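Take a look at the structure below.
Labels below follow one simple rule: chain letters A, B, ... track the order of the sequence lines, proteins then strands, and each chain is numbered from 1. Being a predicted model, the structure only gives us computed values, none of them experimental.
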Amino acid sequence: MASDRNQRVWQLVACIPEGKVATYGQVAALAGLPGRSAARQVGYALSALSSDTVVPWHRVVNAKGQVSQRADPERPDHQRLLLEAEGVSFGLEGVLDLAKYRWDGET
DNA sequence: CTTGTGACTGTAC
DNA sequence: AGTACAGCCACAA
């Protein structure tokens, strides 16, 4: 059973339009998570996701514009492929242009 | 109840 | 520029 905060985060992530990405801090702020460690809680919320989750967690990236460090060890490229399929361009370092793809926070 | 860890961020050197 | 430190919250043992 997930906490309400986690569901709140998932709901927000699910609101991210295709071709856009949001940082943990961005999601945290939009989710209304108080405190300075909100980003951590967002990361934890995503970590608690199920394998059958419908949440496009791959659209959530860190402040560096890179995908999470905890991606599937078996398919680390999966997240990148999903984003590329949405029109997001990645750099050789697996970095994307946050200034261009960063979600405005509105649908 | 206490301790430890974690999908992070921001500031400082 | 890249690296290092501190902060805060939630969950598991």
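- A:Y24 has its OH atom 12 Å from the C1' atom of B:dT9, to the nearest Å.
- At a cut-off of 3.5 Å, with distance as the only test, a side-chain donor of A:Q41 or A:S37 sits close to an acceptor on the other residue.
- For A:A39, the listed nucleotide lying nearest its side chain is B:dC8; candidates were B:dC8, B:dA7, C:dC11.
- Applying the 4.0 Å criterion to OP1 and OP2 of B:dC8, one finds that A:Q69 has a side-chain N or O inside that range.
- One interatomic measurement links the two molecules: NZ of A:K64 to P of B:dG10, which rounds to 11 Å at whole-angstrom precision.
- To the nearest angstrom, P of B:dA7 lies 22 Å from CZ of A:R80.
- Regarding A:R36, its CZ atom lies at a distance of 16 Å from the P atom of C:dA10, rounded to whole Å.
- Rounded to an integer number of Å, the gap from CZ of A:R102 to P of B:dT9 is 12 Å.
- Between A:T23 and A:N62, the shortest heavy-atom distance links the atoms CG2-O, 3.8 Å.
- When each of B:dG10, C:dG7, B:dA7 is scored by its nearest atom to the side-chain atoms of A:A63, the top-ranked nucleotide is B:dG10.
- Among the nucleotides C:dA10, B:dA7, B:dT9, the one closest to the side chain of A:Q41 is C:dA10.
- The side chain of A:R40 has B:dC8 as its nearest neighbour among B:dC8, B:dA7, C:dC9.
- A:L33 places its CG atom 12 Å from the C1' atom of B:dC8, with the value rounded to the nearest Å.
- In this structure, the CZ atom of A:R59 is 23 Å from the P atom of B:dA7, given to the nearest Å.
- In this model, the phosphate group of B:dG6 is not approached by any side-chain N or O of A:R70 to a distance below 4.0 Å at OP1 or OP2.
- Mapped onto DNA chain C by nearest heavy atom, A:G35 and A:N6 fall at different nucleotides, with A:G35 at the one closer to the 5' end.
- Residue A:R80 qualifies as enclosed at atom CZ: its count of foreign heavy atoms under 6.0 Å is above 12.
- Residue A:Q7 qualifies as enclosed at atom CD: its count of foreign heavy atoms under 6.0 Å is above 12.
- Here A:S3 does not reach the OP1 or OP2 of C:dA10: none of its side-chain N or O atoms lies under 4.0 Å away.
- A salt bridge is defined here as a Lys NZ or Arg NE, NH1 or NH2 lying under 4.0 Å from an Asp or Glu carboxylate O, and A:E86 with A:R59 meets this definition.
- Closest to the side chain of A:Y44, from the set B:dA7, C:dC8, C:dC11, is C:dC11.
- The side chain of A:N62 lies closest to B:dC8 when the candidates are C:dC9, C:dC11, B:dC8.
- Spacing between atom CD of A:Q66 and atom C1' of B:dA7 amounts to 13 Å, rounded to whole angstrom units.
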